Protein chains: 2
Amino acid sequence: MKKLTPAVLKQRSECIRNFYTERGRMPSFSEIGGLVGLSSKSSVFKLIERLEKEQSLSRDVNGRLLPGPMSHPLRVLGSVEAGFPSPAEEELADTLSLDDLMVKNRQATFLLKVSGDSMSGVGIMPGDMVIIDRSLSPKSGDIVVAEVDGAWTMKRLKKSGENIVLVAANPNYKPIRPKNELKIAGVVTGVVRKYQ
Amino acid sequence: MKKLTPAVLKQRSECIRNFYTERGRMPSFSEIGGLVGLSSKSSVFKLIERLEKEQSLSRDVNGRLLPGPMSHPLRVLGSVEAGFPSPAEEELADTLSLDDLMVKNRQATFLLKVSGDSMSGVGIMPGDMVIIDRSLSPKSGDIVVAEVDGAWTMKRLKKSGENIVLVAANPNYKPIRPKNELKIAGVVTGVVRKYQ
DNA sequence: ATTGACAGCGAACGATCGTTCTTCATATAA
DNA sequence: TTATATGAAGAACGATCGTTCGCTGTCAAT
């Protein structure tokens, strides 16, 4: 048999990962055999042993398979101006999942697409999606989604004593002082934007 | 025994869902028993049958458990100015995972923290994280991370024939015309920002 | 040509899986 | 009261799981 190249190993690892993202669970050894083209479970067993050593796979406390170190890993590197990392540095870097990073309380969280440029001054552009947490109590300085006098807007909340003002981050918009009621739907905890 | 109230049913369902989000896989029947406090697998079996009918759980083609309809759900709602949705609308809305939304090719993707305000004109602020895909071939108009004449920067790429220019989105920065070499590390496919 | 390492196959093992059945206790209805 | 429905327990089942062992064949170095 030919040598098992890293390329082949990676391809097989991706087969397994694809199964996980598509089906929401890890495949069994027999299923992995079918995915990568191995008719013996023991061959799969050896494959898994390898992938474990390479950290592209891990196991539960109970010995069950898990995708990657945990959850959906994304490499996090340094800052742009600090220089670009070498492959060696990458291996040391932390990994995380966007979901875990951005969402604390999944039950109370949802996404909202932004239209209008009232917050473009702080980098929230039309077309962006904002992550909103309903469970947080809004503090002064937070960006909130609120219903003021019948209309829904996204603005920055400013409290000074009893005085409450909603301020846009664009000088073209005037601060709003709610006359009657102010219903705050949630606090903006993050922004995501997708190019292409 | 007392009647099995919908509240209890929901609580047990959430126990299972929590296990999934924490551990990345569905629990076995015995494990579910431990989670919700049932010492018999057959009791768990009946519980699962119920949850299946209530659509709060589903099964594989192979009969394996799946969390809910599918994947890590995040509600996606309409745009801010279109008005805020009622609870009824929420249930109909699509759900998605941030990871699936933002990352196509996980192997070639990583995150980079932005420092400097050279791209603040397009809403990429200092402290934001950009999602970079190494596998994409940079096209004119893309925002790229590149090494020009020894220094790493994030700029917008402009090609016109053989002419290549890197343009900042901040008028304080002058366009860069790479003299010697231009190494493009990857294309920015998204931006995420986290408040608090 | 001989050797050794490696990739894969196939059989067999105990363990655990999900399922079914029977039994028991209790709450509700007649 | 008695009767019935319901929730849970427990035993037993075949099926599948992950694991181990021994074997074959091929590539590469000696």
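Model, not experiment: these values are computed from the prediction. Just so it is clear: chains get the letters A, B, ... in the order the sequence lines come, proteins before strands, and each one is counted from 1.
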Original post:
Which pair of heavy atoms, one from A:Ser118 and one from A:Tyr173, lies closest together, and at what distance?
Top reply: CA-CE1, 3.6 Å

Original post:
Minimum heavy-atom separation for A:Pro138 to A:Lys159, with atom names?
Top reply: O-NZ, 3.5 Å

Expressed in angstrom and rounded to an integer, what is the separation of [X] atom [atom1] from [N] atom [atom2]?
X       : N      : atom1 : atom2 : result
B:Lys41 : C:dA15 : NZ    : C1'   : 11 Å
A:Phe29 : D:dT20 : CZ    : C1'   : 12 Å
A:Leu38 : C:dA7  : CG    : P     : 11 Å
A:Lys46 : D:dT20 : NZ    : P     : 12 Å
B:Met26 : C:dT16 : CE    : P     : 21 Å
A:Glu49 : C:dC6  : CD    : C1'   : 14 Å
B:Ile48 : C:dG18 : CD1   : P     : 9 Å
B:Leu47 : C:dT19 : CG    : C1'   : 15 Å

Subject >> Passing option when B:Val114 is tested against B:Ile124, B:Val188, B:Val191, B:Val145 for side-chain contact (heavy atoms from CB on, under 4.5 Å) >> reply: B:Ile124

Distance test, side-chain N/O of [X] to OP1/OP2 of [N], below 4.0 Å:
X       : N      : value
A:Arg12 : C:dG8  : yes
B:Ser39 : D:dA9  : yes
B:Ser30 : C:dT16 : no
A:Ser43 : C:dA7  : no
A:Arg50 : C:dG8  : no

Original post:
Are A:Arg25 and A:Glu31 close enough for a salt bridge, meaning some N to O gap below 4.0 Å?
Top reply: yes

Subject >> Of B:Ser40 and A:Glu31, the one whose closest DNA chain D nucleotide lies more 5' >> reply: B:Ser40

Original post:
Taking the nucleotide of DNA chain D with the closest heavy atom to each, which residue, B:Ser42 or A:Phe45, is nearer the 5' end?
Top reply: B:Ser42

Subject >> From B:Ser140 atom OG to B:Asp142 atom CG, the distance as rounded to the nearest 0.5 Å >> reply: 8.0 Å

